[in-house]
K.L.:
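Take a look at the following structure, please.
All heavy atoms count here, side chains included; hydrogens, waters and symmetry mates do not. One is the number of the first residue; the rest follow in order along the sequence. Remember, it's 1-based here, ligands and their atoms both numbered in the order they're listed.
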Amino acid sequence: MKVIRFAHALFASVMLVAAGGSAAASQAAAPVTAFVNVAVVPMDQERVLENWTVVVVHDRIRELGPAASVSIPDNATVIDGRGKYLMPGLADMHAHTWEEEDFPLLLANGVTTIRNMFGGPIHLRWKKSIVAGEFAGPNIYTAGPIIDGNPPIWPGPVVENAAQAHRTVAEQQAAGYDFLKIYSRLSSEAYDAIVQEAKAKNMAVAGHVPDAVGLHAALSTGIKSIEHLSGYEFLARKAIGPGEAASWARLDESQFESIARETAKSGAWNCPTLVLFQHRVATEESEFLGRLLARDEMRYVSAATVRSWLPQNNFLKNTTPARAASSREKGDTLRKKLVYALHKAGAGLLLGTDYGNPFVVPGFSLHQELRNFVDAGLSPFEAIRAGTSGAAEFMNARNEFGTVAVGRRADLILIEGNPLEDVANVNKRAGVMLRGKWYSQSQLASALDELAARFQPKSR
Ligand SMILES: [Zn+2]
């Protein structure tokens, strides 16, 4: 709750700054901001537009163009963009937010949109409150509760037949969820019924490829996004049977090209969440655990959450394999090769982290995933696209977010280096704009400091 109050205060102070820009501005006037002399990285194609002006009115981009051709409104708060780059805010396309404490972390890292992959009533409430401007949070697209077979892995609706599929899809649509999240234990029959219902109701199906369905069938029936490259490990299963880590370490690379082509042809997107697997730690790996705990971003994680992430306490404890390090590294290398094969074949990729999982810290982890995509062989433009314009295309929301263009929501990051030269430059932030509200780097930093002081009082 405290964070929400903080966000309120931040929101209010930004409004004051905006109103202070013009004595004539009435209370009802929409806040106006102009970024001037800035290099725009619009992310519609690989280009940089030097020395442009971008005018934001209320929560939308109203006008942009070369500095000489755009006049700056009298009542605008002017942000000097000299030597800086303005790019769209990032989307984390595989997120699990259950606490408001995530929001300042996301905002401070330029993450302005999330695709929430396990929804409940709280997400529908947050969505409304955030749109109403009650507090600062990302734009949320949310799944409903996870739909699984019997017995389910997580608490949520169980679907075993067509009647249950009909009811569950109708309920989730009526409740206001944006898409359906399916899971590993669905039967073939249940999966088919869900996909049919979803098509009839124009809802996207995203999630794990169910074990009983398999990748080929999932691709041929219209799954819209596959999470964590689930289903691809079947390439190794024939030889050694199920078991994620072991399968990944033994994948047969020679099949990557054909399976990537099949994926591209199906129109399915992949959200590989490479960063998730990089943070899996086994009980006996004390040195690796020590390194994870020593990272700077752990200051923003509560002691209770850290405890729940320790290998002996977290929900993976019974499945974390021995010799985790070698299968983690081998798996990582192979996943990156598969990501590159998918990319080369023209299959859609989404930038996502699966934060909420052990040691995957909201916001910070999305920058690691950007780096992962570049390490896999994508250019910085292609990597960033997976979390901006590509993500918007996937969500059928190209007019809403993902590019810097007239009419788009003003979700923007101002940075001190060209992101198309190096994705690390996305971390050199001068500030973030969320729905037209400007947060300077110092405001963002004090929000983080406040979190750290709450969570790590002894170290202050
Ligand atoms: Zn997830």
K.L.:
Quick one: name the protein N/O/S atoms under 2.8 Å from the Zn ion (ligand 1), chain by chain.
P.N.:
H94 NE2, H96 NE2, D354 OD1
K.L.:
Which donor-acceptor pairs under 3.5 Å do side chains of residues 385-395 form with protein atoms, sequence neighbours excluded?
P.N.:
| unit_1 | atom_1 | unit_2 | atom_2 | d |
| --- | --- | --- | --- | --- |
| R385 | NH1 | S389 | OG | 3.3 |
| R385 | NH2 | E393 | OE1 | 2.9 |
| T388 | OG1 | I384 | O | 2.9 |
| S389 | OG | M43 | O | 2.7 |

K.L.:
Look at E450 together with R454 and state whether they make a salt bridge at an N to O cut-off of under 4.0 Å.
P.N.:
no
K.L.:
Which pairs pass salt bridge (charged side-chain N to carboxylate O under 4.0 Å, His left out) with one or both residues in residues 104-130, sequence neighbours excluded?
P.N.:
R115-E227, K127-D178
K.L.:
Write out all pairs satisfying side-chain hydrogen bond (donor to acceptor under 3.5 Å, both in side chains) with one or both partners inside residues 213-224, taking only residues at least two apart or from two chains.
P.N.:
Y191-T221, H216-E262
K.L.:
With under 30° as parallel and over 60° as perpendicular, where do the rings of W126 and H123 fit, or are they tilted in between?
P.N.:
perpendicular
K.L.:
Scan V275, L366, T305, V301 and name whichever one has a side-chain contact (heavy atoms from CB on, under 4.5 Å) with V361.
P.N.:
V301
